[in-house]
*Asks:* 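This is the structure I want to talk about, given as structure tokens.
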Amino acid sequence: MLSSTYHKALFSTASRQLAKSAKHDVVIIGGGPGGYVAAIKAAQLGFNTACIEKRGSLGGTCLNVGCIPSKALLNNSHLYHEMKHDADKRGIIVGDVKMDMDKFQGAKNKIVKELTGGIEMLFKKNGVTYYKGNGSFEGEHQVKVSPVENGVKEEVLIDAENIIIATGSEVTPFPGITIDEERIVSSTGILSLKEVPKKLAIIGGGIIGLEMASVYSRLGSEVTIIEFQPAIGATMDEEVAKTTQKFLTKQGMKFKTSTKVLGASRNGDKVSVEVEGVKNGKKETLEADVLLVAIGRRPYVQNLNLEKLGLDVDKRGRVVIDKEFNTKHPHIKAIGDVTFGPMLAHKAEEEGVAVVEMLKTGHGHVNYGNIPSVMYSHPEVAWVGKTEQELKAEGIKYKVGKFPFMANSRAKTNMDTEGFVKVLVDAESERILGGHIVGPSAGELIAELGLALEYGASAEDVARTCHAHPTLTEAVKEAALAAHFKPINF
């Protein structure tokens with residue numbers, strides 16, 4: 001390893017002109033959730049570590065144009081909607097509630113800036129060298145950092161003992177539809193609209209589309225979701241997906257499922273969307289002020305120069321790795337959205353820790369059967385482990401325990417009772433196989449079922465654990481009781 005004196009002298013900050021060559025034990029290409037976590041963990045384990053990120057701010061899609069800004073908009077739009085529509089029933093009299101889009105967006109931007117800046121502070125605290133630039137392979141052990149605006153001033157050639165690819169993903173384009181980020185927008189552009197569209201059309205009924213539908217529906221947009229599949233929610237449990245669609249429909253959203261998009265075009269300040277029924281072939285044209293294209297994301301491998309090393313990608317563009325994250329060159333590994341598995345920030349973070357622990361000890365582990373998913377609509381939707389349709393397809397005999405929030409004391413006092421907790425357990429052993437929640441704070445509550453799943457707990461184990469009263473977590477306990485025998489409060 002390099003001495004700390006040499007390390008400090010050679011690598012200071014990205015604002016200074018850097019040396020033309022450098023050397024590190026571990027180099028991570030990409031500073032998103034997987035990359036920055038891997039960098040910090042590697043430095044904590046004693047590796048001389050560097051992280052290369054071209055965006056100009058750390059945190060990847062998640063912190064800059066994904067998870068964090070979208071949750072800021074979701075939370076603040078929910079507060080606005082509650083003050084405007086629900087305050088009176090709670091005995092709270094408010095004046096004329098209005099939106100200030102500049103301040104609304106400004107609050108989001110402030111949070112993003114604070115969190116991305118916080119990662120830079122963590123890099124400094126842990127001794128991670130941060131290169132603001134574009135990283136690409138020059139050889140099996142060499143990575144070139146090319147200059148970007150406000151980043152490195154000249155090319156830097158890094159010799160690296162180990163390299164981790166963590167370049168994340170990008171928006172999947174829709175063939176034939178041009179995104180201008182003004183009237184036809186991606187998941188990036190929808191986060192920064194300067195005004196609330198009167199009509200918002202969304203292609204894609206997955207988490208991104210439904211969350212943005214929630215934001216703008218609350219702010220007053222007439223929202224129409226166009227989904228090719230017969231149901232929304234992609235990987236959700238089917239019962240949960242149907243329940244969720246009912247709640248969102250009640251909130252005013254319109255759904256056109258089993259509908260194919262043929263094309264879309266902008267005409268001044270309006271967008272025309274041509275659609276066709278999958279089953280009946282009926283064509284129609286939808287008009288909107290803004291169209292959001294949210295059909296998913298794809299691995300980002302551009303400009304990495306993978307072909308120079310003969311690194312393989314699969315038919316979906318994902319970097320091919322083995323169970324230890326190795327590419328065809330064992331010292332070059334890949335994690336996060338750029339490779340297999342769900343494109344979730346927390347999945348990438350877990351892989352970031354595991355891959356570095358493998359470098360240090362030869363051991364690292366991610367339980368891919370226990371990665372939670374959350375949709376931050378209202379009510380929230382969260383799930384972990386198996387769905388009913390998966391258990392049926394695998395021929396696993398199971399039991400279901402359900403408990404509605406309408407029977408939960410805390411939900412009642414909060415006047416927020418939509419939804420339920422659903423627990424799936426092995427029919428014989430009662431070991432928990434999956435958990436599904438639609439309701440208040442589902443994203444927080446799912447952690448208990450994830451922990452139970454991780455340690456092989458049974459429904460009885462959860463049911464016999466004392467839960468504080470009155471709390472929403474009691475709904476989890478009651479669902480476990482329902483799976484084990486019978487609930488007490490329903």
Side-chain angles (χ1 to χ4, degrees), residues 62 66-82 85-86 108 187 202 205-219 223 225 231-253 255 294 342 344-347 370-385 387 402-424 434-453 470-479:
C62 176
C67 317
I68 298 305
S70 66
K71 297 332 168 255
L73 297 184
L74 280 157
N75 182 67
N76 292 341
S77 64
H78 178 60
L79 291 174
Y80 167 78
H81 188 272
E82 281 208 317
H85 299 284
D86 296 337
K108 173 208 70 179
S187 57
I202 299 173
I207 291 180
I208 294 173
L210 295 176
E211 286 187 344
M212 291 301 98
S214 295
V215 169
Y216 287 97
S217 176
R218 294 166 187 165
L219 299 183
V223 179
I225 296 106
I232 65 167
T235 58
M236 286 182 191
D237 179 88
E238 289 179 355
E239 181 186 16
V240 170
K242 289 177 182 177
T243 300
T244 301
Q245 185 170 338
K246 287 179 182 178
F247 288 148
L248 297 180
T249 299
K250 190 167 69 173
Q251 292 171 19
M253 298 179 208
F255 291 89
L344 296 169
H346 43 282
K347 174 258 192 184
N370 190 12
I371 297 176
S373 294
V374 184
M375 185 173 82
Y376 296 85
S377 53
H378 189 84
E380 288 184 357
V381 186
W383 63 99
V384 68
T387 62
K402 283 177 61 178
F403 188 80
F405 281 105
M406 70 171 72
N408 175 265
S409 299
R410 185 62 189 273
K412 278 282 191 182
T413 60
N414 292 347
M415 297 184 184
D416 196 0
T417 59
E418 289 184 323
F420 54 81
V421 178
K422 176 179 178 178
V423 179
L424 306 177
H436 306 270
I437 305 174
V438 51
S441 299
E444 307 297 333
L445 298 177
I446 201 66
E448 178 176 5
L449 291 173
L451 188 64
L453 195 67
T471 63
L472 296 174
T473 62
E474 289 178 290
V476 177
K477 175 177 179 173
E478 292 276 3

*Asks:* Of all heavy-atom pairs between Phe420 and Phe405, which one has the smallest distance, and what is that distance?
*Replies:*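 Result for this residue pair: N-CD1, 3.5 Å.
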*Asks:* Look up atom CD in Gln245 and atom CD1 in Ile232, then write down how far apart they are to the nearest 0.5 Å.
*Replies:*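 Answer for the CD-CD1 pair, Gln245 versus Ile232, is 4.5 Å.
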*Asks:* Roughly how far, to the nearest 0.5 Å, is CG of Asn75 from OH of Tyr376?
*Replies:* 11.5 Å
*Asks:* Which heavy atom of Val374 sits nearest to which heavy atom of Ile207, and what is that distance?
*Replies:* O-CD1, 3.9 Å
*Asks:* Measuring from Lys108:NZ to Leu74:CG, what's the distance to the nearest 0.5 Å?
*Replies:*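 Taking NZ in Lys108 and CG in Leu74, the distance rounds to 12.0 Å.
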*Asks:* Working to the nearest 0.5 Å, report the span between CE of Met253 and OG of Ser377.
*Replies:* 7.5 Å
*Asks:* Could you tell me which residues satisfy side-chain hydrogen bond (donor to acceptor under 3.5 Å, both in side chains) with His78, sequence neighbours excluded, listed by chain and number?
*Replies:* none
*Asks:* I would like to know whether Thr387 and His436 meet side chain to side chain contact (heavy atoms under 4.5 Å, CB included); could you show each step before the answer?
*Replies:* CA-CA 8 Å; Thr387 62; His436 306 270; 3.7 Å; yes
*Asks:* With Lys71, which residues qualify under side-chain hydrogen bond (donor to acceptor under 3.5 Å, both in side chains), at least two apart?
*Replies:* Glu211
*Asks:* Between Ser187 and Ile208, which heavy-atom pair has the shortest distance, and what is it?
*Replies:*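 Closest heavy-atom pair between Ser187 and Ile208: CB-CG2, 3.8 Å.
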*Asks:* Are the side chain of Asn408 and the backbone of Thr471 linked by a donor-acceptor contact shorter than 3.5 Å?
*Replies:*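 Indeed, once roles are kept as given, a pair shorter than 3.5 Å links the two residues.
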*Asks:* Any side-chain heavy atom of Lys412 within less than 4.5 Å of one from Thr417?
*Replies:*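 SC-SC contact between Lys412 and Thr417 confirmed.
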*Asks:* Tell me the closest heavy-atom pair linking Leu472 and Ala411, and the distance in Å.
*Replies:* CD2-N, 3.7 Å
*Asks:* Mark yes or no for whether Arg218, through its side chain, and Glu82, through its backbone, hold a donor-acceptor pair below 3.5 Å.
*Replies:*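 No, the answer is negative, given that no donor and acceptor are paired below the 3.5 Å cut-off.
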*Asks:* Is it true that, when you exclude Met406 itself, more than 12 heavy atoms of the residues, nucleotides or ligands shown sit nearer than 6.0 Å to its CE?
*Replies:* no
*Asks:* Answer whether the closest heavy-atom distance between the side chains of Leu449 and Val423 falls below 4.5 Å.
*Replies:* yes
*Asks:* What's the separation between atom OH in Tyr80 and atom NE2 in His85, rounded to the nearest 0.5 Å?
*Replies:*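 Spacing of OH (Tyr80) from NE2 (His85) equals 6.5 Å.
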*Asks:* Between Ile371 and His346, is any pair of side-chain heavy atoms under 4.5 Å apart?
*Replies:*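 SC-SC contact between Ile371 and His346 confirmed.
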*Asks:* Side chains of Val215 and Ser77: does their closest heavy-atom pair fall under 4.5 Å?
*Replies:* yes
*Asks:* Is the shortest heavy-atom distance from the side chain of Val240 to the side chain of Trp383 under 4.5 Å?
*Replies:* no
*Asks:* Spell out, as yes or no, whether a donor-acceptor pair under 3.5 Å connects the side chain of Gln251 to the backbone of His378.
*Replies:*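 Side chain of Gln251 to backbone of His378: a pair is present.
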*Asks:* Can you measure from CD1 (Ile225) to OG1 (Thr249) and round to the nearest 0.5 angstrom?
*Replies:*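 Answer rounded to 0.5 Å: 8.0 Å.
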*Asks:* If I compare all heavy atoms of Leu453 with all of Gly385, which pair ends up nearest, and what's the gap?
*Replies:* CD2-CA, 3.8 Å
*Asks:* Show the nearest heavy-atom pair for residues Ser70 and Met212, with the distance to one decimal.
*Replies:*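 Heavy-atom minimum between the residues: CB-CE, 3.6 Å.
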*Asks:* Are Met375 and Met236 close enough, and set up right, to give a side chain to side chain contact (heavy atoms under 4.5 Å, CB included), and what steps lead you there?
*Replies:* CA-CA 10 Å; Met375 185 173 82; Met236 286 182 191; 3.9 Å; yes
*Asks:* Counting distance only, does the side-chain N/O of Ser217 pair as donor-acceptor with the main-chain N or O of Ser214 below 3.5 Å?
*Replies:*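 Pair absent, no side-chain N/O of Ser217 close to backbone of Ser214.
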*Asks:* Here's a test for you: under side-chain contact (heavy atoms from CB on, under 4.5 Å), which of Val421, Thr473, Ile437 qualifies with Glu448?
*Replies:*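 Between Glu448 and the candidates, side-chain contact (heavy atoms from CB on, under 4.5 Å) is satisfied uniquely by Thr473.
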